[in-house]
Amino acid sequence: MSASSPPIRYPANFSADVEQDCPPYLDTTRGMSEGLPRLLDLLGELDVKGTFFTTGEMARRFPAVIERLVTEGHELGCHSDQHRDFTTLDHSSAATELADSLRILRGFAPVVSFRAPYLRFPHAYLPLLVEHDIRIDSSLARYKFGPHHRHTTAPTKLTRVPVCATSSVLRLPRLIRTPWLRRLSHPLLIFVHPWEAVDFRQSKLRRDCRFRTGDPALTAWRSTLNQLSSEGAVWQRLDQFLHLSDSGSPRR
C-alpha cells in the first residue's frame with residue numbers, strides 16, 4: 001500500500017468491564033462514582049460508541065450512570081451479577097447468576113452480549129447463554145491459553161468474539177504500546193475497567209493493576225483510540241458484530 005493510500009478499514013470494539021474496583025483485591029466502587037463518568041466523557045469527546053459489560057450489582061447500586069451510558073448510545077452487556085468466577089459455580093448457581101443479572105440489566109436496555117468475570121467461562125455452560133437469549137459471548141481471550149480458551153464448538157445461535165489484549169496493555173507508554181497493538185488480529189476487541197481511570201498508583205495493589213492509573217490511563221486511552229482510528233479501526237458496539245462467526249471472520 002502506498003503512503004497516499006487510505007488505511008484498510010476493519011471492525012473494532014472498545015469495551016469496559018463495569019464492576020467493583022479491581023476484584024478480587026478491593027471491594028470499593030470508586031470506578032463507578034469517579035472512573036466511569038470520566039470514561040463516558042472521553043468516549044463522547046471522541047464520538048466512539050462502545051460496549052459496557054456490567055454486573056447486576058453495579059447496576060442496582062449506580063442506576064444513574066447506567067442510564068447515562070445507555071442514553072449516550074452505548075451497548076449494555078452482561079458481566080454476571082456478583083462478579084463470581086463461573087468456574088467455581090455448579091450449573092444451577094451459574095444459571096442463577098445469569099438470571100439475576102439479566103433481570104436488572106434488561107430493565108435498562110436490551111442485552112444480547114456477555115463477558116464472564118476474569119474471562120473464565122466453562123464450555124459446558126455455553127448453552128445457558130443461549131437459554132437466556134444471549135447472542136454474543138466475549139469471554140475468550142486470544143492471549144490466554146487455559147482450558148477455557150481452547151477452541152470448541154459453540155451453539156449455532158451464539159457468536160463468540162474474543163478480546164485481543166489484556167487491559168493493562170492500553171496503559172503502557174505509546175512507544176511500547178504501539179508495536180503491541182499492531183500485532184493484534186482483527187476484528188480488534190480491546191477493553192478497560194472504569195476503576196483504571198482512578199489513581200491507584202500509591203495503593204498496595206499489584207503493579208500491573210496500579211501502574212499508570214488515573215489521568216495517565218485516560219491519556220493513553222485517548223491516544224490509543226485516535227491512533228487506531230487513523231489506522232483504519234471502525235468502532236462498533238459488539239451487538240453490531242453479529243455477522244461474525246466465532247472465529248472472528250465474516251459469516252458466509
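Owing to the predicted nature of the structure, the values given are computational and were not obtained by experimental measurement. Numbering starts at 1 and runs along the sequence shown.
- Phe62 pairs by the ring-ring contact (aromatic ring centres under 6.0 Å, His included) definition with nothing, not counting sequence neighbours.
- Legend: salt bridge (charged side-chain N to carboxylate O under 4.0 Å, His left out) pairs involving residues 76-92, not counting sequence neighbours, sorted by first then second residue: Arg60-Asp81, Arg84-Glu97, Asp85-Arg120.
- With salt bridges taken as basic N to acidic carboxylate O contacts below 4.0 Å, one links Arg171 and Glu196.
- Hydrophobic cluster membership of Leu175, counting Ile, Leu, Val, Met, Phe, Trp and Tyr whose side-chain heavy atoms lie under 4.5 Å apart directly or via other members: none, as it forms a cluster of its own.
- Considering Thr71, Ile66, Leu69 in turn, Ile66 is the only one that fulfils the side chain to side chain contact (heavy atoms under 4.5 Å, CB included) rule with Phe108.
- In this structure, the ring-ring contact (aromatic ring centres under 6.0 Å, His included) partners of Phe191, at least two apart in sequence or on a different chain, are His193.
- Counting heavy atoms from C-beta outward, Leu238 and Leu189 have side chains that approach closer than 4.5 Å.
- Annotation: side-chain contact (heavy atoms from CB on, under 4.5 Å) contacts of Thr224 (sequence neighbours excluded): Leu170, Arg177, Leu181, Ile190, Leu228.
- Residues satisfying the salt bridge (Lys or Arg N to Asp or Glu O under 4.0 Å) test with Arg30, not counting sequence neighbours, are Glu34.
- Asp133 meets the side-chain hydrogen bond (donor to acceptor under 3.5 Å, both in side chains) test with no other residue; sequence neighbours excluded.
- For residues 212-223, the pairs satisfying salt bridge (charged side-chain N to carboxylate O under 4.0 Å, His left out) are Arg38-Asp215, Glu45-Arg222, with sequence neighbours left out.
- Residue pairs meeting the salt bridge (charged side-chain N to carboxylate O under 4.0 Å, His left out) criterion with at least one member in residues 14-24, sequence neighbours excluded, are Asp17-Arg115.
- Under the 6.0 Å distance and 45° angle rule, Arg183 counts as a cation-pi partner of Trp180.
- With side-chain heavy atoms closer than 4.5 Å counting as contact, directly or through intermediates, the hydrophobic cluster containing Phe200 also holds Tyr25, Leu26, Trp195, Val198, Leu205.
- Partners of Gln227 by side-chain hydrogen bond (donor to acceptor under 3.5 Å, both in side chains), not counting sequence neighbours, listed by chain and number: Thr178, Glu231.
- Contact check for Phe14 versus Val192: side-chain heavy atoms found under the 4.5 Å cut-off.
- Looking only at distances, no side-chain donor or acceptor of Lys157 sits under 3.5 Å from a matching main-chain atom of Pro127.
- Under the 3.5 Å distance criterion, the side-chain polar atoms of Ser138 are left unmatched by any main-chain donor or acceptor of Pro162.
- Without hydrogens or angle criteria, Arg237 side chain to Gly73 main chain gives a donor-acceptor distance under 3.5 Å.
- Among pairs with a residue in residues 65-95, those fulfilling ring-ring contact (aromatic ring centres under 6.0 Å, His included) read Phe52-His74, His79-His83, His83-Tyr118, Phe86-Phe114, Phe86-Phe121, His91-Tyr125, at least two apart in sequence or across chains.
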